[in-house]
Structures are given as C-alpha cells and as structure tokens.
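Remember, it's 1-based here, ligands and their atoms both numbered in the order they're listed.
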Amino acid sequence: MSATLRPLIPAERIAARIAEMGQQIRADHPDCSITVIGVLKGSFLFLADLVRAIPGDVRVEFLGVASYHGGTSSSGAVQITQDLRASIEGHACLIVEDIVDTGLTMDYLLRTLQVRGPASIRVASLLDKPSNREIDVPVDYVGFTIPDEFVVGYGLDLGELYRNLPYVAVYEP
Ligand code: IMP
Ligand code: MG
C-alpha cells in the first residue's frame with residue numbers, strides 16, 4: 001500500500017525553463033507593469049521563481065480557488081476561496097497556475113477576471129495536461145506538457161502533502 005514518487009521533471013530543468021518563460025513574458029509586454037496573479041496554493045513556488053525571471057515592473061496578487069477536494073480527480077465545481085485585494089482594471093494581467101488539467105478552473109478564472117476590465121489577460125502554467133482537457137482554454141506560456149498522470153511537487157499537492165518537493169514527480173499509489 002506504499003506510494004511511489006517517480007521523478008518526472010528535475011529542479012534544474014524547471015529553473016532553466018522558467019528563465020526562458022520570464023524573458024518571453026517580458027518580450028510580450030514591453031514597457032508595462034505586469035500584474036501577476038498567482039492561483040493559490042499550487043502556484044506559489046512557480047510564481048516565486050517566475051517573477052524573479054521577469055525583468056522590469058511586476059505586481060503580485062493572489063487568488064484562492066478550490067476545485068479538487070483532496071483526491072486525484074477534479075470535482076468539476078470551482079469556487080473562489082480568496083479574492084484579489086486590488087482592482088485589475090486597465091492592468092496587463094498574467095494568471096499563474098501550477099497545472100491546467102480539465103481546463104475548468106482556468107475557464108472560470110478567465111470569465112471571472114475578464115469582466116473586471118483588465119487591459120489584457122494572459123495565462124502561464126508550469127504544467128499542461130492537454131489529454132485531459134474538457135474545455136478549450138488559451139494557455140499562452142506552458143512550462144512543460146505532461147502525460148495524463150497525477151503529479152506532485154514544486155507546489156502541487158495530494159491532500160496538502162508533497163508541495164515542498166523541489167522537483168515534479170508522478171504519484172504512483
Ligand atoms: P482543472 O480545473 O481540471 O484544469 O484543474 C486545475 C487544478 O487541479 C490545478 O490548479 C491543480 O490544483 C489541480 N490538479 C490538476 N491535475 C493535478 C495533478 O496532477 N496534481 C496535482 N494537482 C492537480
Ligand atoms: Mg491549482
């Protein structure tokens with residue numbers, strides 16, 4: 001009954017990819033402050049490293065959402081558990097997620113934030129699991145595309161555990 005963690009993406013590859021993403025994000029937003037919106041909790045490590053890879057002005061906001069309830073498959077229902085503290089009207093926004101799986105969470109976030117009048121909204125996700133998509137969502141910056149397996153580490157959890165792993169691993173029950 002003991003679970004195995006199979007390393008999938010080592011810390012060095014994550015760091016190298018984030019450095020590229022930071023440059024790309026700045027190149028797509030020349031001369032403007034970027035409001036980076038971290039989706040809690042899973043994005044906290046990715047966000048911390050990504051903002052340090054984006055040259056120039058950045059603001060940091062957080063949004064809490066819950067869609068999973070401790071298991072390894074989505075409940076389909078998304079709810080905001082902590083809203084933004086600041087207005088995003090007129091801001092160039094970048095939503096930062098740990099993983100886009102079914103797409104339901106990102107679709108909900110995009111619809112919720114779009115009505116607040118941002119100048120633009122782009123999406124950065126460390127991981128993308130396109131094979132499990134239920135709704136088409138635009139992901140402008142993808143760190144790594146992965147197969148349909150449940151992963152943990154580098155912010156991603158299973159029942160709140162494993163977020164502190166410095167790499168991404170496949171959880172094999
Ligand atoms: P979606 O709404 O199905 O796209 O799922 C988005 C959220 O589900 C992510 O932000 C994660 O919190 C969680 N999630 C999806 N796949 C995984 C996984 O493989 N490991 C850990 N969390 C996951
Ligand atoms: Mg998440």
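Using bins of under 30°, 30° to 60° and over 60° for the plane-to-plane angle, the ring pair Y141/H29 lands in the tilted bin.
Of the heavy atoms in I99, both backbone and side-chain atoms come closer than 4.0 Å to ligand 1.
Listed by chain and residue number, D157, E160 satisfy the salt bridge (charged side-chain N to carboxylate O under 4.0 Å, His left out) test with R163 (two or more places apart in sequence, or in another chain).
Between C32 and D57 there is no side-chain heavy-atom pair separated by less than 4.5 Å.
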Starting from the C-alpha separation in whole Å, work towards a yes-or-no answer on salt bridge (Lys or Arg N to Asp or Glu O under 4.0 Å) for D136 and R133.
-> CA-CA 7 Å; D136 192 35; R133 203 72 97 245; 5.6 Å; no
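Here the shortest heavy-atom distance to atom 10 (O) of ligand 1, taken over L104, D98, V39, belongs to D98. Of all the listed residues (V152, T102, D157), T102 holds the heavy atom that lies closest to atom 1 (P) of ligand 1.
By the 4.0 Å heavy-atom criterion, G103 is counted among the residues contacting ligand 1. Within the 4.0 Å heavy-atom shell around ligand 1 one finds E97.
Residue contact check: K129 has heavy atoms under 4.0 Å from atoms 16 (N), 17 (C), 18 (C), 19 (O) of ligand 1. Short contacts between ligand 1 and E149, defined as distances under 4.0 Å to a heavy atom of the residue, involve ligand atoms 19 (O).
Remark: D148 CG is packed, more than 12 non-hydrogen atoms of other residues, nucleotides or ligands lying under 6.0 Å away. For CZ of R59, the number of neighbouring non-hydrogen atoms (other residues, nucleotides, ligands) closer than 6.0 Å is 12 at most.
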